[in-house]
Amino acid sequence: MKYLFALLAGLLAGAALFALGVIYNPFLDKQELSPLAVTDAPTLVLTYPGVASESIAYTNDGESRTQPYPEKVLQLWEQTIRQTSATATLLRDGRNQAAGIGIKFSSAADETRLLSGRALVNSIWYVYLPGRGGLFVEETENYWDFLRDIVVPGYRSSSNTWAGTWIGNMTAGPGALGTAKVTGGSGEFKGMEMLGVESLSVRAWKVDGGTVAAEGRLLIELPRNELADVPAE
Amino acid sequence: MIKTFILGILLGIAVAAGVLYAVPVVDQYREASIISVAPNGGNTEIFYINVPSDRVMSGGHDQAVLPPGLEWPDDDILGSVSTEIFKIRNARDSVIGVAARTSAREGDVPVLDWIVHLPARGSIYVNMNPVAGEGGYRVGEIRAGSRELAGMTGRMTERWLSDESAVPDAPAGRIELAARYIAKQEELAE
């Protein structure tokens, strides 16, 4: 009997060791520098609140950590969209002035592989900037660093919260350098193909409510020739 | 007993690794696509939106907002912008994704854009002519697509179908979106 207990204890210890090894795997790349950080092309910077209750509307399956907002918004409970969230938010420019509206749809990606540090989400943005035009942003986001640096310490904390300063690039593709693909649809952006990066700056997170204080940022690299007169933000 | 414990540790690591490798963390449910071949090339897929039951949100200046409690920003810059988010259905009336419809006015020029997001497949972005033509159809160009729908061009039409069934609790009507996908032609290397 004692051998059986020893084996079970060993199994649990082994599984726990493996989980720790996956979470704190030192061989996984950590993307700290935005691929567009050193661009000399004009850029478009848009910021948005990273907290659901500060957006215009946010919805998901209603059973996730982040609750839909407003409370009575229709939830995405059907099997095909249960792992999808939808956000409508006000976008601000680099001077913190209202610049337009952003709609984001995100769905957990089948390509997620926790063994290799890939907690992937397929996302699209529709951005409409009155007076300028519309953009479509297609990206794959990787939430692995977010999970490891914020969610795991949040669960380990006795208060079930995480507080600090965390800034991370969420975009991991489809561009080879970890950039999003941006397509201009109307106005001055019509016909343009661009690159973009989405990043998140988090200051507080709670186990029973998700992100409490955060700001998101979309950085879009504009073509050099076609918008030469657009000042870099 | 120590040997048994160490064996257990090794087994635990192996089992955990095997489970994480073999069992997908995410497995998006996919409805079988209902696509037909268009007579003059391309593939056609039709989506429906039951109004108002599939409307997730609706907002804009000087218009009724949905859901109750939604606060549309009062910034002047959004004066002409209105946006709606919907669940979208296939021809079997199963919900298969979400879509957003945004309309605005650039001076005298109206703007109407759709994005359609099918979680298991991909997304498309459509610029639509806001002026309805014959039969109440609005026609738009597919500007971009992602994942399985990347590289697609083609058109999408929008039209309103009023419900005339007189069935109690029937929706007021449906929005019909008919997408016609055409793969971009690539030149063969000589």
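Lettering follows sequence order; numbering is per chain, from 1.
Of all the listed residues (A:S107, A:A19, A:A88), the one sharing the greatest number of non-hydrogen pairs under 4.5 Å with chain B is A:S107. Among the candidates A:A109, A:S116, A:A6, the residue making the largest number of heavy-atom pairs closer than 4.5 Å to chain B is A:A6. The choice from B:G12, B:S146, B:G59 that makes the most heavy-atom pairs within less than 4.5 Å of chain A is B:G12. The candidate from A:N122, A:L4, A:T183 with the greatest count of non-hydrogen atom pairs under 4.5 Å with chain B is A:N122. Note: A:A9 leads A:A9, A:P174, A:P68 in heavy-atom pairs under 4.5 Å with chain B. The candidate with the highest count of non-hydrogen atom pairs below 4.5 Å against chain B, out of A:L76, A:L12, A:L17, is A:L76. Contacts with chain B were tallied for A:L129, A:V73, A:T59, A:T112; A:V73 has the most, counting heavy-atom pairs under 4.5 Å.
Using a 4.5 Å cut-off between heavy atoms, A:Q83 contacts chain B through both its backbone and its side chain. When heavy atoms are compared at a cutoff of 4.5 Å, A:E138 approaches chain B solely by way of its side chain, counted from C-beta outward. With a threshold of 4.5 angstrom between heavy atoms, A:A119 does not approach chain B through any atom at all. Residue A:L7 touches chain B through both its backbone and its side chain, counting heavy-atom pairs closer than 4.5 Å. With a 4.5 Å cut-off on non-hydrogen atoms, A:L135 touches chain B through its backbone but not through its side chain. With a 4.5 Å cut-off on non-hydrogen atoms, A:I124 touches chain B through its side chain but not through its backbone. There is no contact between A:A16 and chain B, counting heavy-atom distances below 4.5 Å. Contacts between A:E139 and chain B at a heavy-atom distance below 4.5 Å are absent for every atom of the residue. Heavy atoms closer than 4.5 Å to chain B are found in the side chain of A:L90, but not in its backbone.
There is no side-chain donor-acceptor pair under 3.5 Å between A:T84 and B:H117. Of the N and O atoms on the side chains of B:D113 and A:Y126, at least one donor lies less than 3.5 Å from an acceptor on the other residue.
Between the side chain of B:K87 and the backbone N or O of A:Q75 there is at least one donor-acceptor pair closer than 3.5 Å. The backbone N or O of B:A120 sits nowhere less than 3.5 Å from a side-chain atom of A:D110 that would complete a donor-acceptor pair.
Taken from CD1 in B:I77 to CZ in A:R132, the straight-line distance is 9.5 Å, to the nearest 0.5 Å. Within the model, atoms OG1 of A:T87 and CD1 of B:I85 stand 7.5 Å from one another, a figure rounded to the nearest 0.5 Å. Atom OH of A:Y128 and atom OG of B:S82 lie 10.5 Å apart (nearest 0.5 Å). With rounding to the nearest 0.5 Å, the separation of CZ in B:F5 from CG in A:L8 is 11.0 Å. Between the CZ atom of A:R82 and the OH atom of B:Y29 there is a distance of 10.5 Å, given to the nearest 0.5 Å.
Listed here is the closest heavy atom pair of A:P70 and B:P68: CB-O, 3.9 Å.
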Decide yes or no on side-chain contact (heavy atoms from CB on, under 4.5 Å) for B:R143 and A:F136, but give the supporting numbers first. CA-CA 9 Å; B:R143 292 277 177 209; A:F136 175 75; over 6 Å; no
side-chain contact (heavy atoms from CB on, under 4.5 Å) evaluation trace for A:F18 with B:L20: CA-CA 10 Å; A:F18 177 77; B:L20 204 54; 3.8 Å; yes
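Summarising the local packing, CG of B:D93 is surrounded by more than 12 heavy atoms from other residues, nucleotides or ligands at distances under 6.0 Å.
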